[in-house]
Amino acid sequence: MRYLLLIITAIFFYACASTDYTNRSQLMLLSDKEEMALGEQSAKEILQNAKISRNAIQTKMVERVGVRIANVANRPDFKWEFHLLQGEQINAFCLPGGKVFVYTGLMDLVANDDELAVVLSHEIAHTILRHGAERMSMQNIRQIGGSLLGLIVQSQAPEYTSLFNQAYSVGSNVGVMLPFSRSHELEADKVGIALMQKAGYNTQAAITFWQKMATDEKDSSDFLSTHPSDTKRIQAIQEILK
Ligand SMILES: [Zn+2]
């Protein structure tokens with residue numbers, strides 16, 4: 001037991017990073033580079049297997065809004081790409097490295113560029129705040145009795161890939177989706193709204209969009225299971241916008 005505590009303490013000392021923007025310290029067992037390599041690999045797999053939407057108007061909208069948010073995200077090391085995938089999933093996610101995916105199912109709920117900016121800036125915020133890597137690190141700590149750093153050494157291992165997919169809410173075929181914690185959601189809302197503002201979008205859309213999500217009956221959606229919307233969240237956004 002003492003040994004275990006020592007290991008945990010050592011990890012906290014060696015593996016703490018701090019978030020961009022909010023400067024919160026976070027447990028991080030994954031380097032930026034490792035995380036980005038996994039993101040690139042995952043993006044390749046998605047593009048090989050998923051169906052790209054042929055809807056030219058929605059595709060342009062995703063690119064237009066995505067590029068505008070990316071331009072203010074201050075990540076010149078990211079190779080940004082924006083893809084619209086054909087699928088009923090109400091989902092969108094951003095992988096480390098800057099590959100952003102949106103499903104047509106989500107586009108059907110988005111009324112205009114401002115609302116799409118809410119989703120994209122929120123997803124991009126999760127990634128630049130490294131929430132996925134933080135979740136992977138936390139999961140890894142929980143499995144400390146098993147393989148601690150083994151997963152990182154064998155980054156191609158299937159269990160690692162599935163952990164990555166869960167941590168980044170990569171859509172479809174990954175089984176259980178891990179909801180982001182309330183603190184991660186709040187942080188992504190704050191930074192997302194800051195990005196929207198910098199990019200010149202109407203930040204009030206954050207309220208209307210999440211209100212719409214909260215009243216939407218489609219509670220089985222991927223997006224809502226990982227990003228639950230309720231009155232607490234909307235109140236918190238109203239506070240941010242004050
Ligand atoms: Zn979120």
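Ligands are counted one by one from 1 in listed order, and the atoms in each one are counted from 1 as well. Computed over heavy atoms, backbone and side chain alike; hydrogens, waters and symmetry mates excluded.
When each of V110, I237, D114 is paired with F209, the side chain to side chain contact (heavy atoms under 4.5 Å, CB included) condition holds for V110 and for no other.
For the Zn ion (ligand 1), the N/O/S atoms of H131 include none lying under 2.8 Å. For H184, every N, O or S atom stays at 2.8 Å or more from the Zn ion (ligand 1).
Ring-plane geometry between H83 and F101 is classed as parallel, the angle between the planes falling under 30 degrees on a 0 to 90 degree scale with a further cut at 60.
Take the N/O/S atoms of E185: the one nearest the Zn ion (ligand 1) is OE2.
Expressed to the nearest 10°, the angle at the Zn ion (ligand 1) joining NE2 in H126 with NE2 in H227 is 100°.
For H184 and H227, the ring centers are positioned 6.0 Å apart or more.
The main-chain N or O of A117 is found under 3.5 Å from a side-chain atom of S121 such that the two form a donor-acceptor pair.
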